[in-house]
Amino acid sequence: QLQLVESGGGWAKPGESLRLFCAGSGENLDYYTIGWFRQAPGKEREGVSCIRVFEDSPYYADAVKGRFTISRDNAKKTVALQMDNLRPEDTGIYYCAATPALFNGRGMCLASRPNIWGNGTLVTVSS
């Protein structure tokens with residue numbers, strides 16, 4: 001069974017950067033669309049960025065477009081989320097998730113209900 005593990009979370013000041021990593025094991029990640037979701041206390045989970053394997057048009061939420069970049073490293077079998085120009089509202093627990101590659105990036109972030117999740121990594125942005 002596919003298992004996902006996130007890493008790279010931490011604390012940053014507004015305007016700084018963090019880079020998150022999602023590593024899969026147990027199954028080939030090429031069978032899945034991979035996405036990053038986040039949730040803050042009292043708020044709904046939101047799809048941040050999702051990418052179908054080998055797709056050149058990943059999805060980005062409006063709130064992060066132009067600041068975050070998702071990428072896949074096939075050699076290392078990981079999916080990264082580069083987060084630049086962080087804002088306090090980016091604070092939350094970030095989860096890596098997988099869904100069958102039937103979904104493209106937009107479909108996963110907006111309409112899918114993944115049942116494979118990592119345990120999350122905390123990102124805190126504050127002065």
Side-chain angles (χ1 to χ4, degrees):
Q1 300 84 6
L2 177 64
Q3 296 178 324
L4 301 174
V5 179
E6 305 95 336
S7 62
W11 175 83
K13 293 182 177 181
E16 294 184 340
S17 298
L18 289 172
R19 187 172 176 87
L20 306 183
F21 297 90
C22 174
S25 63
E27 293 185 44
N28 192 336
L29 279 180
D30 291 346
Y31 301 144
Y32 297 93
T33 301
I34 305 296
W36 286 98
F37 297 77
R38 68 186 181 188
Q39 188 166 25
K43 296 183 179 180
E44 290 289 324
R45 180 198 69 191
E46 62 176 326
V48 177
S49 183
C50 300
I51 183 169
R52 178 187 269 171
V53 175
F54 303 127
E55 185 172 297
D56 293 331
S57 299
Y59 171 85
Y60 295 96
D62 289 343
V64 307
K65 192 172 184 179
R67 300 187 297 117
F68 291 10
T69 303
I70 191 169
S71 62
R72 177 184 295 272
D73 188 328
N74 288 322
K76 297 181 179 179
K77 306 298 183 182
T78 60
V79 178
L81 184 69
Q82 177 69 35
M83 305 186 295
D84 295 324
N85 193 22
L86 285 163
R87 304 169 179 171
E89 53 263 40
D90 294 320
T91 295
I93 301 175
Y94 283 69
Y95 299 91
C96 179
T99 198
L102 172 67
F103 289 90
N104 62 16
R106 186 176 189 273
M108 180 179 185
C109 268
L110 297 181
S112 75
R113 293 184 176 181
N115 58 7
I116 302 174
W117 296 86
N119 289 325
T121 184
L122 178 64
V123 171
T124 302
V125 184
S126 64
S127 300

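Just so it is clear, the structure is predicted and the values come from calculations on it, not from any experiment. In what follows, every heavy atom counts, from backbone to side chain, and hydrogens, waters and symmetry copies are set aside.
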Any side-chain heavy-atom pair of [X] and [Y] under 4.5 Å:
{"X": "Leu81", "Y": "Ser49", "result": "yes"}
{"X": "Ile93", "Y": "Gln39", "result": "no"}
{"X": "Tyr59", "Y": "Cys109", "result": "yes"}

For Trp117, enumerate each residue passing the ring-ring contact (aromatic ring centres under 6.0 Å, His included) test, keeping only those at least two apart in sequence or located in another chain. Phe37
Does [Y] offer a backbone N or O that forms a donor-acceptor pair with the side chain of [X] under 3.5 Å?
{"X": "Thr91", "Y": "Val125", "result": "yes"}
{"X": "Arg106", "Y": "Cys50", "result": "no"}
{"X": "Tyr60", "Y": "Ile70", "result": "yes"}

Quick check for you: to the nearest 0.5 Å, what is the distance between [X] atom [atom1] and [Y] atom [atom2]?
{"X": "Trp11", "Y": "Leu86", "atom1": "CH2", "atom2": "CG", "result": "11.5 Å"}
{"X": "Thr121", "Y": "Phe21", "atom1": "OG1", "atom2": "CZ", "result": "11.5 Å"}
{"X": "Lys13", "Y": "Ser126", "atom1": "NZ", "atom2": "OG", "result": "9.5 Å"}
{"X": "Ile51", "Y": "Thr33", "atom1": "CD1", "atom2": "OG1", "result": "9.0 Å"}
{"X": "Leu2", "Y": "Leu29", "atom1": "CG", "atom2": "CG", "result": "6.0 Å"}
{"X": "Asp84", "Y": "Leu18", "atom1": "CG", "atom2": "CG", "result": "9.5 Å"}

Shortest non-hydrogen contact from [X] toward [Y]:
{"X": "Asp90", "Y": "Arg67", "value": "OD2-NH1, 2.8 Å"}
{"X": "Pro114", "Y": "Ala98", "value": "CB-O, 3.5 Å"}
{"X": "Tyr32", "Y": "Pro100", "value": "CD2-N, 3.9 Å"}
{"X": "Leu4", "Y": "Cys22", "value": "CD2-SG, 4.0 Å"}
{"X": "Ser112", "Y": "Arg45", "value": "O-NH2, 4.2 Å"}

Within a reach of under 6.0 Å around CD of Gln3, are more than 12 heavy atoms found that belong to other residues, nucleotides or ligands? no
Check the surroundings of atom CG in Asn28: do more than 12 heavy atoms from other residues, nucleotides or ligands lie under 6.0 Å from it? yes
Option passing side chain to side chain contact (heavy atoms under 4.5 Å, CB included) with Leu20 (candidates Met83, Glu6, Gln82): Met83
Test Arg38 against every option in Glu46, Glu44, Glu89 by the salt bridge (Lys or Arg N to Asp or Glu O under 4.0 Å) rule and name the one that passes. Glu46
Going through the checks in order, is the side-chain contact (heavy atoms from CB on, under 4.5 Å) test met by Cys96 and Trp36? CA-CA 5 Å; Cys96 179; Trp36 286 98; 4.1 Å; yes
Following the transitive rule for hydrophobic clusters with a side-chain heavy-atom cut-off under 4.5 Å over Ile, Leu, Val, Met, Phe, Trp and Tyr, establish whether Tyr31 and Ile34 coincide in one cluster. yes
